[in-house]
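Worksheet: one structure, shown below.
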Amino acid sequence: MRFTDLPTPCFIIDENRLVQNLAVLRDVARRSGAKILLAQKAFSMFSTYPLLREYLAGTTASGLFEARLGHEEFGGETHVYSPAYTPDEFHEILNYADHIVFNSFTQWKKYGNLARVAGKSCGLRLNPECSTQPDDHAIYDPCGPTSRLGITEANFQPDLLDGIEGFHFHTLCEQNADDLVRTVAAFEMRFGRYMEGMKWLNLGGGHHITRADYDVDALVNCIIYLRDKYKVQIYLEPGEAVVLNAGYLVSTVLETMKNRKDIAILDTSAACHMPDVLEMPYRPPVMRAGEPGCKAFDYLLTGRTCLAGDVIGEYSFDVPLMAGEQVVFEDMALYTMVKTNTFNGMPLPLIAVRRADGTDEVVRMFSYEDFKNRLS
Ligand SMILES: *Cc1c(COP(=O)(O)O)cnc(C)c1O
C-alpha cells in the first residue's frame, strides 16, 4: 500500500489537518481577543502562508532572515526577537519588523533609538524564572539556572523603561495551559508592577493548543484575565501548535538486513531530515507500526548516512518490511524542513502538499546544486 505516488523521501503537508489546527487557533483568538502569530522557527513553508494568513495575525522571527520571509511572504504583523542583534542585521530588520523585542537593557540602549525613530513598537523579553519543564527537557528550558534568554528580576532596570511598549516571555515547550497559568503567576509576582502603561504582552510559544488534551478554556480565561487586568493586547506565538500532526515524511525501504536485530535502511535519515529525533531526542509515530513487540515483526528503522547512530528507532509491523515499501513518519511538519541538512551528501526531501481533495502536489524539488551551493 503506497501512501503517495511522489518520489521519496518527501515531506507532505496535509492541508485538511492544517486547516483543523488553524480553526482551533482562530477560535482562541476570537474568544480571547489575543492575536496569534506563526513562530517561523518551527515551520517556514512559505507556500502555505497565504492559507495561514486567513487564520493568523502574522509571524514572529528569530532574526533578519525569518523577519524578511514573514514580511514578504506572509504579511500581517511581523515581530522579531533575538538574544543579540548585529548592527548590520538590525538596520535591515527595520525594513521588515513591526515589533522588536530586546533581550537585555544593553541591547535596548544600543538599538532602541534606531527602532523608535523608525516607528517600531519596542519590547523587552523577561525571564520569570519559573521552570515548568521536566528535567530531561533542560535544553528547551529558558528558565534554567544560567539561561541567557530574557531579563531576570535581578537585572531589571525600571529607570530604563521609557519607550518600552510591551513585555515578552517564552518559557514553555509542548505544554498545557496549567503551566502557562503558573508562569503567569511568577511573571506577575516579579514584573506585574511594571505593566502599567504597557500596550502589549507576548506570552511566547510552546502552548500545545491543538493537542487533543489541551485545556483551551483555561488558556482563554488566562488571556482574558491578563487583558482585562492590564488593559493590554495579548499575543501568542506558537510554532508547533500551528502544524501539529499536519505533515508526513514518506520514505522507502532500500535494504533489509540482520545483525542481532532486523534492520531496515531507508532513503531518509534521522541526522539529515529529522534531526530532532536525535537531538531532542524524540520518537516519531510511524503509520501502521507500533512499539517493538506489539506486532509480529520488529525493525530498527535507520538512515542511509554513514553515521552509526543514524537510527530513527525500533518499531514493529504486521508484515515483514521489503525493499521498495514506503514507511511513513507522522507529525513531521514541525522542526523538520527548517532543520534539514545535506550532511554526508544526502539529498533533501522533496516538499509537497496534500490538497483538500487528497491529491499530492509537488511544491519544491532539490538537487545537487542545493548541496553544492552551501559549500565552497
Ligand atoms: C521557539 C519559540 C517559539 C515557538 O515555540 P513552539 O514550541 O514551536 O510553539 C515562540 N517564541 C519564541 C521566542 C521561541 O523561541
Side-chain angles (χ1 to χ4, degrees), residues 18 21-22 24-25 28-29 34-45 48 52 55-67 69-70 74 77-85 93 97-104 107 122-128 131-134 137-144 147-151 166-177 179-180 183 187 200-211 214 216 219 234-247 274-276 279-280 282 331-339:
L18 195 53
N21 290 344
L22 291 167
V24 171
L25 296 173
V28 168
K35 290 187 180 178
I36 305 187
L37 312 168
L38 166 71
Q40 295 178 95
K41 184 182 79 194
F43 182 77
S44 304
M45 183 175 164
T48 65
L52 270 58
Y55 297 82
L56 305 177
T59 57
T60 193
S62 324
L64 172 61
F65 289 172
E66 286 182 359
L69 188 71
F74 198 110
E77 292 185 26
T78 305
H79 294 216
V80 60
Y81 156 78
S82 172
Y85 297 102
I93 282 174
D98 302 298
H99 281 217
I100 301 181
V101 176
F102 298 97
N103 191 54
S104 68
Q107 288 271 301
C122 296
L124 296 172
R125 177 165 175 173
L126 304 179
N127 178 353
S131 285
T132 52
Q133 304 197 36
H137 253 218
I139 75 161
Y140 298 101
D141 185 5
C143 295
S147 173
R148 70 190 182 292
L149 304 173
I151 301 164
F167 293 137
H168 174 288
F169 63 79
H170 167 75
T171 68
L172 307 178
C173 178
E174 304 188 336
Q175 282 163 280
N176 212 317
D179 288 329
L180 173 64
T183 304
F187 168 79
W200 50 266
L201 175 64
N202 186 323
L203 309 182
H207 318 277
H208 236 187
I209 304 168
T210 49
R211 195 173 77 197
Y214 188 88
V216 172
L219 172 67
I234 302 291
Y235 287 94
L236 302 177
E237 44 182 34
E240 285 209 15
V242 178
V243 289
L244 192 65
N245 292 312
M274 39 185 137
D276 269 0
E279 228 177 78
M280 208 168 167
Y282 131 84
D331 198 14
M332 278 291 155
L334 49 97
Y335 295 103
T336 49
M337 280 174 257
V338 290
K339 290 191 129 191

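Counting starts at 1 for both ligands and their atoms, in listed order.
- Atom OG1 of residue Thr60 and atom CG of residue Leu38 lie 9.0 Å apart, to the nearest 0.5 angstrom.
- Checked against a 3.5 angstrom limit, the closest N/O atoms of Gly206 and ligand 1 fall inside it.
- Between Glu174 and ligand 1, no N or O atom pair is found at a separation short of 3.5 Å.
- Short contacts between ligand 1 and Gly239, defined as distances under 4.0 Å to a heavy atom of the residue, involve ligand atoms 4 (C), 6 (P), 8 (O), 9 (O).
- When heavy-atom distances to ligand 1 are checked against a 4.0 Å cut-off, Lys41 comes that close only through its side chain, counted from C-beta outward.
- Residues Thr171 and Gln133 approach most closely at O-NE2, 3.0 Å, considering heavy atoms.
- Relative to the six-membered ring of Tyr81, Arg125 meets both conditions, a distance below 6.0 Å and an angle of at most 45° to the axis.
- Looking at ligand 1, you won't find any N or O of Thr60 less than 3.5 Å from one of its N or O atoms.
- Ring centroid separation for the pair His168 and Tyr235 does not come in under the 6.0 Å cut-off.
- Every atom of ligand 1 is numbered from 1 in the order shown, and the set under 4.0 Å from a heavy atom of Ala39 is 3 (C), 4 (C), 10 (C).
- Within ligand 1, the atoms closer than 4.0 Å to a non-hydrogen atom of Tyr335 are 1 (C), 4 (C), 5 (O), 6 (P), 7 (O), 8 (O), numbered from 1 in the order shown.
- When non-hydrogen atoms are compared, ligand 1 lies under 4.0 Å from the side chain of His168 (C-beta onward) but not from its backbone.
- In this pair, His99 and Trp200 present their aromatic rings tilted. The plane angle is within the 30 to 60° band.
- Looking at Leu124 and Val101, their side chains never come closer than 4.5 Å, going by heavy atoms from C-beta outward.
- Val243 places a side-chain heavy atom less than 4.5 Å from the side chain of Leu18.
- Of all the heavy atoms of His170, the ones lying under 4.0 Å from any atom of ligand 1 belong exclusively to the side chain.
- Of the N or O atoms in Pro238, none lie within a sub-3.5 Å distance of an N or O in ligand 1.
- Remark: the Ser62 side chain and the Glu66 side chain contain an N/O donor-acceptor pair separated by less than 3.5 Å.
- Remark: ligand 1 atoms within the under-4.0 Å shell around heavy atoms of Glu237 are 3 (C), 4 (C), 10 (C), 11 (N), 12 (C), 13 (C).
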